[in-house]
Amino acid sequence: MIAIETIQETAERLMEKAAIEIPEDYLDGLRTMANTEDGDLSSFVLQAMLENYEAAKQDRRAMCGDTGCPRWYVKMGNEARIEGGPIALEAALRRATAKSTNEIPLRPNRVHPLWRTDHDNNVGIGAPEIEYGFEPDGEWIDLVTVHKGGLFGTDYRMLFPSDGVEGIKRFFLDSLVAFGKRGLACQPAIIGIGLGGSKDTCMVLGKRAACLRTVGSRNSDARIAAMEDEFKALGNSIGMGAMGFVGKSMVVDCNIEVGYCHTGGMQMSVHAFCLSSRRAVARIHGDGRVEYRTDPDWFTDYQRRESVEWTPPQSLSKSA
């Protein structure tokens, strides 16, 4: 059984790592852009970002003044057991969020939408968000914290099957241009695209694609993977670079996730992760061991399953 004390201690460590330590996969993508960017102001911004990330790590301070809106993704192996159950788990994550907001510190961004009540700890009604996923085997739980900006950098459009891939490209470019020209996102960023589902599912898919996949990862569907490569190149060809200045460094990577939808529609959402790509992950095993990493490994074969009953890929190959 996984102890609640271990969960809270791990969550507090993850909050600090996400705010301060930028994932290496994102840094590698940013360094590649910095080496190829020829726009003067975009180059300046990219170099300043890289220097700022290093300073934050050395000083153990949050790398951006706007520390975003902390949220949690929890994935559990089917045999995982938690002391006190899911209610205790959620309480531990809320305590860790409040404590870390004061101790790191993070900016307390969360307020009541009407009365603007602010508890100064990023905790309130529906905050922080806690989303769940499950896997067929294992006694472990994965904790993923993401500190994503909570204002702009997101858009949605109801497309139709007749719009096709060209319609998807058009909305993708419309969104990027709006993000850059109007200051609605901080570029460069990982761009997540959600396709299909219902409207709420589509938005979730797009945000998870942006926040829970690493730079360089590709969808297991080869045709979607090819679209990801194409869209990354397309996004960097519109003449906008870092922070919307002239350049070619807008999209560090493009990740696409899909869900089955109504036969008459083709929902689409576009999400820009923050230029700091703040995420941190830990797996807590049933025996109490904790392993930290930066790849959420969220979109497994099980998460993308299409069949009624789940059959692991190796079993499929054996039966074939």
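Values in this document were obtained by computation on a predicted structure and should not be read as measured data.
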I'd like to know whether CZ of F152 has more than 12 heavy-atom contacts from other residues, nucleotides or ligands below 6.0 angstrom. no
Gap between atom CG of D297 and atom NZ of K75 - 0.5 Å precision: 6.0 Å
On a heavy-atom basis, the closest approach of A56 and A62 is CB-C, 4.4 Å
Spacing of CD1 belonging to I20 relative to CG belonging to D59, to within rounding of 0.5 Å: 9.5 Å
Is atom CG of D40 surrounded by more than 12 heavy atoms (other residues, nucleotides or ligands) closer than 6.0 Å? no
E21 pairs by side chain to side chain donor-acceptor pair (under 3.5 Å) with which of R279, R60, R278? R60
Taking atom CD1 of I191 and atom CG of N255, what is their separation to the nearest 0.5 Å? 9.5 Å
In terms of heavy-atom contacts, does CZ of R81 have more than 12 from other residues, nucleotides or ligands at under 6.0 Å? no
Quick check for you: to the nearest 0.5 Å, what is the distance between T214 atom OG1 and D295 atom CG? 4.5 Å
Can you find a pair of side-chain heavy atoms, one from R304 and one from E257, that are under 4.5 Å apart? yes
Given the ring of Y73, does R208 sit roughly above its face, with NZ or CZ under 6.0 Å from the centre of the six-membered ring and within 45° of the axis? no
In one Ile/Leu/Val/Met/Phe/Trp/Tyr side-chain cluster, 4.5 Å: Y53, I190: yes
Is there a continuous path of hydrophobic side-chain contacts, each under 4.5 Å between heavy atoms, that joins V146 to I193? no
Take atom NZ in K99; do more than 12 heavy atoms of anything else shown fall under 6.0 Å from it? no
Side chains of Q47 and E51: do they bring a donor and an acceptor to under 3.5 Å? no
Using a strict 4.0 Å threshold on nitrogen-to-oxygen distance, state whether K207 and E129 make a salt bridge. no
Could you check whether atom CH2 of W115 has more than 12 heavy atoms from other residues, nucleotides or ligands sitting under 6.0 Å from it? no
So does R61 have more than 12 non-hydrogen atoms from other groups sitting under 6.0 Å from CZ? no
With respect to E230, which candidate in K169, R218, R223 satisfies the salt bridge (Lys or Arg N to Asp or Glu O under 4.0 Å) definition? K169
For D229, is there an ion pair with K232 - N to carboxylate O distance below 4.0 angstrom? no
Residues R289, E291; criterion salt bridge (charged side-chain N to carboxylate O under 4.0 Å, His left out); working and verdict: CA-CA 7 Å; R289 288 179 295 120; E291 297 174 337; 3.7 Å; yes
If I take atom CZ from residue R107 and atom OG1 from residue T101, how far apart are they, to the nearest 0.5 angstrom? 12.0 Å
Taking C-beta and beyond as the side chain, do L275 and M243 meet within less than 4.5 Å on heavy atoms? yes
Classify the angle between the aromatic ring planes of F231 and F172 as parallel (below 30°), tilted (30 to 60°) or perpendicular (above 60°). tilted
Around atom CZ of F44, are there more than 12 heavy atoms from other residues, nucleotides or ligands closer than 6.0 Å? no
